[in-house]
Amino acid sequence: MTRYTDAVKLQEKLAPIVITKDKLNKIQTVCGVDVSYKNNDAYAAAVIIDAKTLEVIKQVRKKIKVKTPYVPGLMMLRESKPALSAIKSLKQDFDLLLVDGNGRLHPRKCGLACYLGIILDKPTIGIAKSLLGGKISGSSVILYDEILGGIIEKKGKKIFVSVGHKISLKTALKITGSLVKEGQWLPEPLRLADRLSKDRTEIS
DNA sequence: GCGACAG
DNA sequence: ATCTTGTCGC
C-alpha cells in the first residue's frame with residue numbers, strides 16, 4: 001500500500017463530504033494561500049485581505065522542508081502541510097479561503113481546495129491557473145458529464161474556478177470576480193500570496 | 001500501449 | 001513549481 005494509494009482513497013472518501021451549497025455568512029475577510037519551491041524547501045504564504053477594500057490585513061510566510069514530489073492529481077501530498085502551516089501561523093480568523101489549485105475540478109472531485117476546506121471547515125474556493133482535466137464548454141469546464149468548474153478571463157488569461165467547500169460554484173465565481181483588481185489577472189488574495197511565497201528573504 | 005497531467 | 005536572456009509590447 002503506497003502513500004499515493006492512500007491519498008487516492010482519502011480523496012474518494014472526502015469527495016462525497018464536500019459541501020457544494022452556500023454555507024457562509026457575510027464575507028468580510030478573505031485569505032489566500034500559495035506555495036512555491038526552492039530545492040527541498042517549500043515557501044508557503046498566507047494573506048488575509050478585506051473583501052471590500054482589498055487591503056491587506058495580515059500576512060505570513062513559512063519555510064517548510066518537503067520531500068514529496070509533485071504528482072498530478074495528488075498535489076495535496078506536497079502542498080497541504082506548508083499551506084496549513086502558513087494559515088495557522090496567521091493566528092487570525094477569516095471568512096473565506098482561496099486556494100491556488102483545484103477544488104472539485106479534479107479527477108476524483110477532491111482537489112487541494114476541497115481537502116483544505118474540509119480540514120479547516122471553512123468556505124473555500126479553488127483557483128487553478130491551468131487545466132488539470134475536463135473539457136471547456138463556453139465559460140464552464142465539464143468533467144465526467146458534470147459542470148465542475150467555471151472560467152474567469154482577465155488580461156487575455158484564464159483562471160479555472162471550482163468549489164472547495166461550503167460554497168456554490170455560482171457564488172464562488174461571483175466572489176472571485178469581485179476580488180480581481182482592475183488590470184490584474186489573479187484575485188488579490190492569491191496574487192499577493194503568490195508574490196509573497198516567492199520572497200526568498202530569510203525568515204526569522 | 002499512448003498521451004495528458006493543478007503546482 | 002523551477003531552470004533562464006533577451007525581447008516584444010504597453
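Fair warning: this is a prediction, and the values are worked out from it, not measured in the lab. Per chain, numbering begins at 1; letters A, B, ... match sequence-line order.
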Check: Planes under 30° and centres closer than 5.5 Å, is that true for A/Tyr70 with the base of B/dG7?
Finding: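 It does: the ring sits over the base of B/dG7.
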Check: So what does A/Leu77 touch, heavy atoms closer than 4.0 Å: a base, only the sugar-phosphate, or nothing?
Finding: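 Since no nucleic acid heavy atom lies under 4.0 Å of A/Leu77, the category is nothing.
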Check: At under 4.0 Å between heavy atoms, what does A/Gly133 touch on the DNA or RNA strands: base, sugar-phosphate, or nothing?
Finding: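 Since no nucleic acid heavy atom lies under 4.0 Å of A/Gly133, the category is nothing.
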Whole-Å distance separating the [atom1] atom of [X] from the [atom2] atom of [N]:
X: A/Leu131; N: B/dA6; atom1: CG; atom2: C1'; result: 9 Å
X: A/His106; N: B/dA6; atom1: NE2; atom2: P; result: 11 Å
X: A/Lys67; N: B/dG7; atom1: NZ; atom2: P; result: 24 Å
X: A/Met76; N: B/dG7; atom1: CE; atom2: P; result: 16 Å
X: A/Glu79; N: B/dG7; atom1: CD; atom2: P; result: 9 Å
X: A/Asp194; N: B/dA6; atom1: CG; atom2: C1'; result: 13 Å
X: A/Lys198; N: C/dT2; atom1: NZ; atom2: P; result: 5 Å
X: A/Leu98; N: B/dG7; atom1: CG; atom2: P; result: 14 Å

Next item on the list: With A/Arg61 as the cation and A/Tyr43 as the aromatic partner, state whether NZ or CZ is under 6.0 Å from the six-membered ring centre and within 45° of the axis.
Entry: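 Ring-cation test returns no.
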Margin query: Quick check with a 6.0 Å cut-off and a 45 degree axis cone: is A/Lys157 positioned over the face of A/Trp185's six-membered ring?
Written below: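 Checked: cation-pi criterion met.
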Whether [X] contacts [N] is assessed here as follows: a side-chain N or O lying under 4.0 Å from the phosphate OP1 or OP2. Is that the case?
X: A/Arg200; N: C/dT2; answer: yes
X: A/Ser36; N: B/dG7; answer: no
X: A/Lys129; N: B/dG7; answer: yes

Margin query: Is it the case that atom NZ in A/Lys58 sees more than 12 heavy atoms from other parts of the structure closer than 6.0 Å?
Written below: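 Result for NZ/A/Lys58: enclosed.
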Next item on the list: Could you verify whether a donor N or O on one side chain and an acceptor N or O on the other, from A/Ser168 and A/Thr171, lie under 3.5 Å apart?
Entry: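 Yes.
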Note to self: If the test is side chain to side chain contact (heavy atoms under 4.5 Å, CB included), which one of A/Val163, A/Val30, A/Leu190, A/Leu96 qualifies with A/Ile125?
What the structure shows: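 Result for side chain to side chain contact (heavy atoms under 4.5 Å, CB included) with A/Ile125: A/Leu96.
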